[in-house]
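So you know, we letter chains A, B, ... as the sequences are listed, proteins then strands, and number each from 1. Quantities reported herein were computed from a predicted structural model and do not represent experimental measurements.
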2 protein chains.
Amino acid sequence: MPRTGTLESKKNARRSSWKQNPQAVQENILRVAQEVFSRNGLSGARVDEIVSLTETSKRMIYYYFGDKEGLYRRTLEEAYRKVRQQEVELDLDHLAPLPALEKLVRFTFRHHRESPDFIRLVMIENIHHGTYLAQSDTIRELNRGAISQLERILARGKAEGVFRPDADPLTVHWQISAMSFFNVSNRATFSLIFGDALNSTAGQDGLETWVADSVRRMVVPSNPIS
Amino acid sequence: MPRTGTLESKKNARRSSWKQNPQAVQENILRVAQEVFSRNGLSGARVDEIVSLTETSKRMIYYYFGDKEGLYRRTLEEAYRKVRQQEVELDLDHLAPLPALEKLVRFTFRHHRESPDFIRLVMIENIHHGTYLAQSDTIRELNRGAISQLERILARGKAEGVFRPDADPLTVHWQISAMSFFNVSNRATFSLIFGDALNSTAGQDGLETWVADSVRRMVVPSNPIS
DNA sequence: GGGGAATTGTACTGATCGGTTAAATCGTTA
DNA sequence: TAACGATTTAACCGATCAGTACAATTCCCC
């Protein structure tokens, strides 16, 4: 349907020239999308809100990402990619097993703490039963390696006799993740019910040490008292 | 016209006052609402879907609960109420501190595991920054007591000298909650990335023991090796 | 047995929201 | 430089969805 009068207005109002910049546009959309999806969830997020926080128009989202779910999927992918990138440069192999493990745990705890948006995206994804994560081969492969550093540390520690021979890397990783994740994911309800003592700077530092201790005490040979 | 005849129960005898079946209707709605909200979240849930799974009509939801958010709030309240009711009858005071703690931890882990709907509601509530939990005084008060059993156990253990004197009840509770909660909340993404070994019956039993151990090792005096 | 309040069914609506249409403009290259 | 594909704009649409109007029915009390 041809618009009436547009032909004329187009001539008068010579638009301030827009530059073609596909890459910047996509990055702009993804950055905003991460923020909005993280805050409101998949069904809670409004495409129009994303648009309004963007330098571009609604059409662009559908042009580059197909539909809302496509944008969400790409957002999730980018978030995982960024997080995993940061995790690699820890250089733990030159440390003794116990200090290496402690450094890894403390890094994980702090890293989760500083990435609430990412945590929220993972929460949202779990609400959706991992539907969209399941659709992305790249994310799944990317993450499998997340455990390899821990595997090496545990192997060295077992060889030296400072770690229990039956300490399972997957389970230890699970333990580290559980506490680091929960610390962020359930902050709202936990603080409301039990107060925010654990949420203060001192409280968080205390928890970090607690988590590091609890992991160390689990991989070390049995406590004779028990 | 299908009245809610099938839902009538012995409660009618109790209530001598007027009304047709308000109580049964509300319970029916709340039961369905918990299921649908738990599955789809607040914004993801469709009022019409709730209605269709109900014996009543859409009008009733708005009559009894005001609006969608009101229904969600009541749903959350009921879920917390039911959960806390079950937690009280544990009778741990006649056990020695260490066995009592182990029983509490294992109960919590198993209880979370068997209440995925409740866990999901709490996840959803955290996505919403605890907005609706904050509006319910009853829930908050209800939950404060959730830590008292642990406090008593720790106090006894410290008195007997089997527990560290500086073991903080809140932190220990946090640790128990973190692992028990994460085990359910992040099952989807964790299984997708790392496989579902920890999700099998054997895997879950192993985790339960792992969690119990990790809590015990934290409250017990320092491991000499460290 | 009727007045009045509480409850319920039916049918509807206005707003929201994801997604689309069709044309205009830009960058590239033949 | 003209043609062409890629990109961008603005207006628009149809479906969905939370919420309502209003009449009808049921129940209690007198």
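Of the residues in residues 31-47 of chain A, those lying under 4.0 Å from DNA chain C by heavy-atom distance are Ala45(A), Arg46(A), Val47(A). Within residues 68-75 of chain A, no residue places a heavy atom under 4.0 Å from DNA chain D.
With hydrogens and angles disregarded, a donor-acceptor distance shorter than 3.5 Å links the side chain of Ser200(B) to the backbone of Ala197(B).
The CD1 atom of Ile61(A) sits 10 Å away from the P atom of dG19(C) (whole-angstrom rounding). In this structure, Ile50(A) atom CD1 and dG19(C) atom P are separated by 11 Å, rounded to whole Å. The separation between Met60(B) atom CE and dT20(D) atom P is 14 Å, rounded to whole Å. Atom P of nucleotide dT8(C) and atom CD of Glu55(B) are separated by 13 Å, given to the nearest angstrom. The interatomic distance linking Glu49(A) (CD) with dG18(C) (P) rounds to 10 Å, in whole Å. Rounded to an integer number of Å, the gap from CG of Asp48(B) to C1' of dC12(C) is 13 Å. Rounded to an integer number of Å, the gap from Tyr62(B) OH to dC22(D) C1' is 17 Å. When rounded to the nearest whole Å, the span between OH of Tyr63(B) and P of dT26(D) equals 16 Å.
Listed by chain and number, the residues in a ring pair (Phe, Tyr, Trp, His ring centres under 6.0 Å) with Tyr80(A) are Phe118(A) (sequence neighbours excluded). Not counting sequence neighbours, Arg46(B) has no partner by the salt bridge (charged side-chain N to carboxylate O under 4.0 Å, His left out) test. Applying the ring pair (Phe, Tyr, Trp, His ring centres under 6.0 Å) test to His111(B) and every residue at least two apart in sequence or in another chain returns Phe107(B).
Distances shown here put a side-chain N or O of Tyr64(B) below 4.0 Å from the OP1 or OP2 atom of dT8(C).
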For the pair Arg120(A) and Gln34(A), evaluate side-chain contact (heavy atoms from CB on, under 4.5 Å) and give the outcome as yes or no after the intermediate values. CA-CA 10 Å; Arg120(A) 291 174 63 81; Gln34(A) 163 149 4; over 6 Å; no

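The ring pair (Phe, Tyr, Trp, His ring centres under 6.0 Å) pairs that include a residue from residues 21-59 of chain B are Phe37(B)-Tyr72(B), where partners are two or more places apart or lie in different chains. Among pairs with a residue in residues 171-190 of chain B, none fulfils salt bridge (Lys or Arg N to Asp or Glu O under 4.0 Å), at least two apart in sequence or across chains. Sorted by first and then second residue, the pairs that involve residues 138-148 of chain B and meet salt bridge (Lys or Arg N to Asp or Glu O under 4.0 Å), not counting sequence neighbours, are Asp137(B)-Arg140(B).
A donor and an acceptor atom sit less than 3.5 Å apart, one in the side chain of Lys58(A) and one in the base of dG18(C).
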Considering only distance and modelled atom types, tabulate donor-acceptor pairs under 3.5 Å from the side chains of residues 50-60 of chain A, sequence neighbours left out.
from, atom 1, to, atom 2, distance (Å)
Ser52(A), OG, Glu49(A), O, 2.8
Thr54(A), OG1, Ile50(A), O, 2.9
Lys58(A), NZ, Asp48(A), OD1, 3.1

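Among dT9(D), dA18(D), dG9(C), the nucleotide with an atom closest to any side-chain atom of Ser57(A) is dT9(D). Nearest to the side chain of Arg59(B), among dG19(C), dA18(D), dT10(C), sits dT10(C).
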